Amino acid sequence: MFDRRYFRYFDWISFILTLILMGLGLLFIFSATYKPDQPVSIFFKKQLAGSAVGLCIYFIFCSIDVVKLARWGFLAYFATLAVLIYSMIGGWIAMGAKRWVSLYFFRFQPSELAKLFLPVFVASYFSELEIPKYYVRPPLPFKNFLFPLGVVLFSFLLIRKQPDLGTALLVLFTGLILFWFVGIGTRFFLILGLVGLIAAPILWKCLKPYQQNRILVLFGQGDVQKERYHVEQSKIAIGSGGLTGKGFLQGTQNKLGFLPEDHTDFIFSVICEEFGFLGALFILLLYALLFARLVYIIMHVNNFFEQIVGLGLLIHILLSVCINMGMVTGMLPIVGIPLPILSYGLTNLWITLASLGWLNNISIRRFYY
């Protein structure tokens, strides 16, 4: 498999952009967790080691035959559902949520695996249709979508039960976007939106009190020292950075302990405080270049199966970036979605790198047909 074509068609652009983001992630995790008496924190050490492992995962998914990845990925999705059910019974509890499964030497979130293997499940289910590209196609009969819709909804409910509403919505939106791409029809989404509006009071009561508070905060409600604390401190950090920022290791919001979860969900606030608007713009530019390159790859894939897989792998990363930046700036409710590649968190990092490696694999193999 490692012939000259592999290195010739390896997508160095997306790989280099990924490496730059990984390096910046390590830099800002170091800054967010820096203390004079302990400059190198345990979080930085874990992320550094996790990044090395993540690169191995990247190249594993980049080199394995796509057909084998698809076959095992389809089965892995149902295995993931089984692990999600197990996590509800014997999962490891942290911060009030039973989201982790302990493997003694480390803990991982099985819900992250759902983001990786959902696209291949959808692609495998619809692969025999061989839908052409680049023109408007008539919607497929709704009966073709009943089973995959049921599986995606079941996945949503399992992850929501943990509770992890952010990841649950991410999986649900990824599935719906893929169904739209396959050809579920616009009327389905109109009916879904209408049902959502009618059922809104019931859905509101299904949310936990802290989840309701997070939505209310979006509309200006809540105490600044309680419900609004996270988003207010994040806004202060972002705004205080100004144009060029306060400088590396000079952020007061995170150094004085005002900014919660500064090395995980709110790492973008640390970037804005220390490097200002220009630093944030540079991060946005890196993500935009990476996504543009991945879209280019997907558009030039002729195989329908690989196109669906590639699109699904891209969607969950793109949505995570948009949701994270939206919540730290106060434009979206706080749902606990980390910033891909940059935030601390080994499971999320590994799943993101596996997705990017798989996309690079698809890029390489498109020249083999």
Side-chain angles (χ1 to χ4, degrees), residues 13-34 41 43-44 47-48 51 166 170 214 217-218 224 228-295 314-345 348-349 352-353 355-356:
I13 296 177
S14 63
F15 179 65
I16 291 173
L17 289 170
T18 301
L19 286 181
I20 294 173
L21 286 168
M22 287 178 63
L24 291 173
L26 289 170
L27 180 70
F28 290 115
I29 290 171
F30 175 84
S31 175
T33 58
Y34 174 86
S41 69
F43 298 108
F44 176 80
Q47 191 75 359
L48 182 61
S51 297
L170 203 59
R214 289 177 176 179
V217 164
L218 187 64
V224 175
R228 298 187 59 83
Y229 183 80
H230 285 67
V231 67
E232 290 296 332
Q233 295 301 321
S234 177
K235 287 181 177 180
I236 292 172
I238 293 172
S240 63
L243 181 64
T244 58
K246 298 176 180 178
F248 185 60
L249 300 178
Q250 302 302 314
T252 54
Q253 287 300 111
N254 64 307
K255 289 295 174 288
L256 298 178
F258 291 108
L259 183 63
E261 306 298 332
D262 51 1
H263 61 295
T264 54
D265 296 347
F266 289 87
I267 192 74
F268 188 67
S269 304
V270 176
I271 297 172
C272 293
E273 184 179 25
E274 296 191 353
F275 287 87
F277 174 76
L278 294 179
L281 194 62
F282 179 67
I283 297 297
L284 288 172
L285 178 62
L286 289 175
Y287 276 122
L289 290 174
L290 177 61
F291 293 143
R293 182 62 182 177
L294 296 178
V295 169
L314 171 63
I315 287 172
H316 81 80
I317 302 174
L318 177 60
L319 288 179
S320 295
V321 172
C322 295
I323 292 173
N324 179 272
M325 292 186 177
M327 73 180 192
V328 301
T329 53
M331 294 187 291
L332 291 175
I334 296 175
V335 291
I337 297 293
L339 189 59
I341 307 177
L342 292 178
S343 289
Y344 170 80
N348 182 267
L349 176 66
T352 302
L353 290 176
S355 300
L356 293 172

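These numbers were taken from a predicted model, which means no experiment stands behind them.
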Side-chain heavy-atom pair [X], [Y] within 4.5 angstrom cut-off:
X	Y	value
Ser343	Asn348	no
Phe275	Leu24	no
Asn254	Phe28	no

Atom CZ of Phe291 with >12 non-hydrogen neighbours under 6.0 angstrom: yes
Whether over 12 other heavy atoms sit under 6.0 Å from Tyr229 OH: yes
Roughly how far, to the nearest 0.5 Å, is [atom2] of [Y] from [atom1] of [X]?
X	Y	atom1	atom2	result
Ile337	Met325	CD1	CE	14.0 Å
Leu356	Thr18	CG	OG1	4.5 Å
Tyr344	Leu349	OH	CG	10.5 Å
Leu353	Ile317	CG	CD1	8.5 Å
Ile238	Ile271	CD1	CD1	10.0 Å
Leu319	Leu170	CG	CG	5.5 Å

Ser31 side chain to Glu274 side chain, donor-acceptor N/O pair below 3.5 angstrom: yes
Asn324 side chain vs Asp265 backbone, donor-acceptor pair below 3.5 Å: yes
Whether Ser234 side chain and Val328 backbone form a donor-acceptor pair below 3.5 Å: yes
By salt bridge (Lys or Arg N to Asp or Glu O under 4.0 Å) - contacts of Lys246 (at least two apart): Glu273
